[in-house]
Amino acid sequence: MNTEWKDIKGFEGLYKISNTGLVISVERISVYKDGRTKTIKEKILKQSDNGNGYNRVNLFDLNHKGKNYYIHRLVA
């Protein structure tokens, strides 16, 4: 099966998800409120189990606020 990557809705340009359930952080430059910049390299994000067999991942928006999302909901 070929792996297809698509942008995650609401996180376009930040994260992508594959049809196999992998989530990657797209390489980008992040700018903080005080003007500092940080280069974020592309990498596969670690997933955690919620105890019921559903994997989740923590995604951060442009304001650096994080929220957990279930993988199966992002793929759907």
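These values consider heavy atoms only, across backbone and side chains, with no hydrogens, waters or symmetry-generated copies.
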Asker: Taking atom OG of Ser48 and atom CG of Asn58, what is their separation to the nearest 0.5 Å?
Answerer: 8.0 Å

Asker: Without swapping roles, check the side chain of Gln47 against the backbone of Gly21 for a donor-acceptor pair under 3.5 Å.
Answerer: yes

Asker: Is the Phe11 to Tyr69 ring centre distance short of 6.0 Å?
Answerer: yes

Asker: Quick one: does Asn19's side chain have a donor or acceptor within less than 3.5 Å of a partner on Glu4's backbone?
Answerer: yes

Asker: Taking the six-membered ring of Tyr70 (Phe, Tyr or Trp), confirm whether the NZ or CZ of Arg73 is under 6.0 Å from its centre and within 45° of its axis.
Answerer: no

Asker: Taking all heavy atoms of Asn50 and all of Arg56, pick out the closest pair and write down the distance.
Answerer: CB-NH1, 3.8 Å

Asker: Taking all non-hydrogen atoms of both residues, which atom of Lys16 and which atom of Trp5 are closest, and how far apart?
Answerer: O-CZ3, 3.9 Å

Asker: Where is the tightest heavy-atom contact between Val26 and Gly13, given as atom of each residue plus distance?
Answerer: CB-O, 3.9 Å

Asker: Quick one: does any side-chain atom of Asp34 pair with a main-chain N or O of Arg36 as donor and acceptor, under 3.5 Å?
Answerer: yes

Asker: Would you find more than 12 non-hydrogen atoms of other residues, nucleotides or ligands less than 6.0 Å from Asn2 atom CG?
Answerer: no

Asker: What is the distance from atom OG1 of Thr37 to atom CD1 of Ile29, rounded to the nearest 0.5 Å?
Answerer: 6.5 Å

Asker: Decide yes or no for Ser25 and Lys41: does some side-chain heavy atom of the first lie under 4.5 Å from some side-chain heavy atom of the second?
Answerer: no

Asker: For the atom pair CG (Leu62) and NZ (Lys65), what is the distance rounded to the nearest 0.5 Å?
Answerer: 12.5 Å

Asker: In the structure I gave you, are the side-chain heavy atoms of Val57 and Leu74 within less than 4.5 Å of one another anywhere?
Answerer: yes

Asker: Of Leu59, Val75, Asp7, which meets side-chain contact (heavy atoms from CB on, under 4.5 Å) against Ile17?
Answerer: Val75

Asker: How long is the span from the CD1 atom in Ile71 to the OH atom in Tyr54, to the nearest 0.5 Å?
Answerer: 13.5 Å

Asker: Could you check whether any side-chain heavy atom of Phe60 comes within less than 4.5 Å of a side-chain heavy atom of Lys67, counting everything from C-beta outward?
Answerer: no

Asker: Can a cation-pi geometry be assigned to Arg28 and Tyr15, taking NZ or CZ under 6.0 Å from the six-membered ring centre and within 45° of the ring axis?
Answerer: yes

Asker: Checking side-chain contact (heavy atoms from CB on, under 4.5 Å) for the pair Ile40/Leu14: CA distance, chi angles, key distance, verdict?
Answerer: CA-CA 10 Å; Ile40 299 173; Leu14 300 175; over 6 Å; no

